[in-house]
Q: 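Here it is, the structure, as structure tokens.
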Amino acid sequence: MDLSSFLQNVLNGLAIGSVYALFALGYTLIFSILGIINFAHGAVFTLGAYFTYTLISGQFENNGLLKGVNLFPNGSPLAGSAWGFALSALVGSVLAGLVAVVIERLAFRPMRSRGADPLLALVSSLGVALVIVNLIQILVGAESYSFPDGIYGDLPGALLFKLGKKTIIIRTVQVIIFGVSMVLLLILGLVIGRTRTGKALRAVAENPGTASLLGISVDRFIVITFFLAGLLGGLAGTLVGSSFGIAGPYFGVTYGLKGLAVIVLGGLGSIPGAVLGGLVIGLAEAFVPADYSAYNQAVAFALLFVILLVRPQGLLGKLQIQKV
Amino acid sequence: MEFLQQYGFLMATMLQQGLLGLSLYAPLMAGQLSLASPGFYALGGYIAAVILTNPAFAGWRDALGYGIYPLTWLLGAVVCGLLGVVVGVPALRLRGIYLALATIAFVEILRVLALNLSITGGAVGLFGIPQAFGFVDRWQYLWQFLPLLILTLLFFHQLSRSRTGRAFRAIREDELAADAMGVPPTRYKVLAFVIGAVLAGIVGSMSAPFLNTWNAKQGTFDASIAYLAFVLIGGSRSMWGPLLGGALLTALPEVLRGLADWRLVINGLVLVVASLYLPQGIVGSLGRKPKPPIRPSAPPRDEGPVGPPYTPETL
């Protein structure tokens with residue numbers, strides 16, 4: 001492999017890896033607070049992409065109950081400019097965050113208050129995912145939708161660099177995905193590490209009982225966590241959707257599964273771990289030789305399996321010793 | 001007869017899914033949450049499908065006649081059992097959610113392999129699998145699944161009364177205590193895992209002729225969760241739970257057929273509502289109250305508004 005294809009692979013890997021990180025952070029935030037995996041997260045990712053798409057295009061022309069409905073008869077005011085896309089992405093992600101809060105209210109809180117088996121939360125969150133995915137299908141059909149051209153306004157589609165005889169292509173989407181993801185991860189790290197809210201979140205994650213004794217409203221912080229998780233998941237969905245198109249209501253499922261590999265690789269419940277895990281898996285996939293690209297989908301799970309056997313606590317996780 | 005014509009396929013499917021629920025229940029008897037069943041089910045099915053369709057095995061098929069079908073079951077059981085040992089020995093060092101995630105990875109890896117190998121027919125899969133024993137109607141597969149189910153239930157019943165069954169329960173209740181009492185946890189955990197793998201493998205090899213075609217969609221993450229839902233919604237403390245859960249949840253979409261597109265939405269709602277209101281599962285809610293433990297457990301601690309601590313170990 002020469003230098004230019006090496007660099008190209010690194011760039012591709014970092015772009016997709018940062019989306020994995022953004023998405024997996026939602027899993028990790030909820031896991032660190034509740035110790036459960038929210039399997040509806042993949043559906044929230046999908047919803048985020050659909051919400052943003054709705055704001056940009058205003059209609060779903062292919063199929064479903066909403067066929068023929070047009071939100072913006074005179075064309076969406078948000079289409080055709082980079083700021084319009086940024087605003088739609090923001091609103092779409094916030095809506096996804098609100099859906100995540102509703103999911104918490106309907107599927108997780110009642111279980112928590114009953115002290116139910118945490119395994120049941122797996123099943124109920126999957127039930128929620130099933131409902132969301134099929135509602136999307138009923139409303140807008142199973143067809144794929146791609147974002148219209150020009151969502152990035154006047155920005156060029158790709159930057160080309162000459163390196164010797166080869167050319168390295170950097171798609172604008174990739175730069176945006178990587179930049180947005182890294183800025184958000186940085187902000188999230190600062191919020192959790194440096195602010196009062198973050199301190200309270202960490203306290204709830206450490207020990208909810210003690211946190212509530214200290215006057216922290218545990219339920220409120222759980223709601224905040226779900227909102228943040230949904231926001232990040234929805235934004236990841238939007239970014240992936242704007243880059244590769246929305247491949248139908250089920251397009252979050254693959255990311256949902258890969259997200260699991262990401263958080264385990266990095267260490268369950270570890271925020272820097274989720275970022276590292278996402279980047280490692282993104283890079284590993286980018287370096288799969290073209291001849292074996294069909295096996296690309298197995299890379300994340302092979303890594304997951306190996307890390308569980310070699311270092312179950314993940315790259316950055318803490319080892320938990322089982323006590324009597 | 002007309003009843004069988006109309007509902008026989010559904011009934012056979014209900015039994016088949018109930019058996020798969022039981023294959024996930026087997027490791028759970030020893031307290032291990034494994035979601036590997038769809039992987040073994042798919043593998044068992046591929047073994048049967050390859051033997052029954054691949055020209056390389058034409059000689060076997062001619063020589064054995066109908067005897068080829070029991071042979072595929074045997075091979076499915078043996079291969080899945082061996083793979084169960086190979087995967088189980090390292091994987092069962094993991095606990096709770098970690099084991100569940102490792103087995104999800106196992107299922108996904110097998111699925112990607114099945115999608116890309118040529119012997120499994122790639123993305124198209126294998127089709128034209130001959131009907132077992134020259135069956136002409138789908139309901140006749142009840143002759144396959146019903147005896148297997150009865151044997152499985154008898155086996156689980158005997159198992160639960162044996163020394164092994166008691167060891168499983170001891171590990172399920174408290175692995176460290178069981179270890180301290182001289183019950184080797186790893187050996188029994190691997191055994192429980194392998195029992196599930198063998199059962200899923202046999203069901204798979206019986207299902208390839210039943211479904212006529214076999215492809216990578218047979219062993220997916222969705223199936224893992226479906227079987228988990230069978231067990232949890234049916235009841236995870238008795239072998240009747242997974243069976244009932246599997247049968248009911250398989251019949252549900254058929255019952256809701258009139259609702260067309262909405263049936264999967266309703267199916268999802270049922271999962272949510274059942275996990276909220278039937279935390280012990282259907283069988284657990286119907287059955288007698290569990291016998292009080294000999295050592296009274298500690299009174300429920302008030303952990304604040306969040307309920308019990310959700311550490312990975314409690315999973």
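The structure displayed is predicted, hence computed values, not measured ones.
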Q: Mind ranking A/Ile307, A/Leu309, A/Asn296 by heavy-atom pairs under 4.5 Å with chain B and telling me who comes out on top?
A: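 With the most close heavy-atom pairs to chain B, the winner is A/Leu309.
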Q: About how many Å separate CG of B/Leu101 and CD1 of A/Ile263, when rounded to the nearest 0.5 Å?
A: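 Rounded to the nearest 0.5 Å, the CD1-CG separation comes out at 7.0 Å.
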Q: Rounded to the nearest 0.5 Å, what separates atom CG in A/Asn134 from atom CD1 in B/Ile266?
A: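 Nearest 0.5 Å value for the CG-CD1 distance: 10.5 Å.
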Q: Where on B/Leu94 is there a heavy atom nearer than 4.5 Å to chain A: the side chain, the backbone, both, or neither?
A: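 For B/Leu94, the side chain is the part near chain A, not the backbone.
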Q: Below 4.5 Å, heavy atoms only, C-beta onward: do B/Ile97 and A/Ile37 meet side chain to side chain?
A: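 A side-chain contact exists here, since the closest heavy-atom pair is under 4.5 Å.
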Q: Pick one of side chain, backbone, both or neither for A/Leu303, based on which atoms fall under 4.5 Å of a heavy atom in chain B.
A: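 Neither part; nothing is under 4.5 Å.
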Q: side-chain hydrogen bond (donor to acceptor under 3.5 Å, both in side chains) with A/Tyr20: which residues, sequence neighbours excluded?
A: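 Counting only residues at least two positions away or on another chain, A/Tyr20 forms a side-chain hydrogen bond (donor to acceptor under 3.5 Å, both in side chains) with A/Lys258, A/Glu285.
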Q: Roughly how far, to the nearest 0.5 Å, is CZ of A/Phe301 from CZ of B/Phe221?
A: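 Those atoms lie 9.0 Å apart.
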Q: Answer yes or no: are there more than 12 heavy-atom neighbours, outside A/Leu106 itself, under 6.0 Å from its atom CG?
A: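 For A/Leu106, atom CG is crowded (more than 12 foreign heavy atoms under 6.0 Å).
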Q: Sort by residue number and list every residue of residues 247-256 of chain A having at least one heavy atom under 4.5 Å from chain B.
A: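 Under the 4.5 Å heavy-atom cut-off, nothing qualifies.
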Q: Look at atom CZ of A/Arg311 and say whether more than 12 heavy atoms of other residues, nucleotides or ligands are closer to it than 6.0 Å.
A: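 Above 12, so yes.
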Q: Among the options A/Ala261, A/Ala129, A/Ser124, pick out the one with the most heavy-atom pairs lying under 4.5 Å from chain B.
A: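 Sorted descending by pairs with chain B, the first entry is A/Ser124.
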Q: So what's closer than 4.5 Å to chain B heavy atoms on A/Val123: side chain, backbone, both or neither?
A: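 Both backbone and side chain of A/Val123 come within 4.5 Å of chain B.
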Q: Which distance, rounded to the nearest 0.5 Å, do you find between the CG of A/Leu120 and the CG of B/Leu228?
A: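 So the gap between those two atoms works out to 8.5 Å.
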Q: Let me know if A/Leu260 has heavy atoms under 4.5 Å from chain B in its side chain, its backbone, both or neither.
A: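 Only the side chain of A/Leu260 comes within 4.5 Å of chain B.
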Q: As an exercise: rank A/Val299, A/Leu130, A/Ile138, A/Leu126 by heavy-atom pairs under 4.5 Å with chain B and give me the winner.
A: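 Highest number of pairs under 4.5 Å: A/Ile138.
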Q: Counting only heavy atoms not in B/Glu254, do more than 12 fall under 6.0 Å of its CD?
A: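 For B/Glu254, atom CD is crowded (more than 12 foreign heavy atoms under 6.0 Å).
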Q: Side chain, backbone, both or neither: which part of A/Leu308 has a non-hydrogen atom closer than 4.5 Å to chain B?
A: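 Contact with chain B: backbone and side chain both.
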Q: Write out all pairs satisfying salt bridge (Lys or Arg N to Asp or Glu O under 4.0 Å) with one or both partners inside residues 237-252 of chain B, taking only residues at least two apart or from two chains.
A: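 Checked against salt bridge (Lys or Arg N to Asp or Glu O under 4.0 Å) - neighbours excluded - the pairs reaching residues 237-252 of chain B are B/Glu173-B/Arg237.
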Q: Within this structure, what is the CZ-CD1 distance for the pair A/Phe305 and B/Ile104, rounded to the nearest 0.5 Å?
A: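 If we round to the nearest 0.5 Å, A/Phe305:CZ and B/Ile104:CD1 are 12.0 Å apart.
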Q: Output a table of donor-acceptor pairs, distance under 3.5 Å, between side-chain atoms of residues 107-117 of chain B and any protein atom two or more places apart or on a different chain; print 'none' if there are none.
A:
{"from": "B/Glu108", "atom 1": "OE1", "to": "B/Arg111", "atom 2": "NE", "distance (Å)": "3.3"}
{"from": "B/Glu108", "atom 1": "OE1", "to": "B/Arg111", "atom 2": "NH2", "distance (Å)": "3.1"}
{"from": "B/Glu108", "atom 1": "OE2", "to": "B/Arg111", "atom 2": "NE", "distance (Å)": "3.4"}
{"from": "B/Asn116", "atom 1": "ND2", "to": "A/Ala294", "atom 2": "O", "distance (Å)": "3.3"}
{"from": "B/Asn116", "atom 1": "ND2", "to": "B/Val112", "atom 2": "O", "distance (Å)": "2.7"}

Q: Under a 4.5 Å heavy-atom cut-off, does chain B meet the side chain of A/Leu135, its backbone, both or neither?
A: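 Both backbone and side chain of A/Leu135 come within 4.5 Å of chain B.
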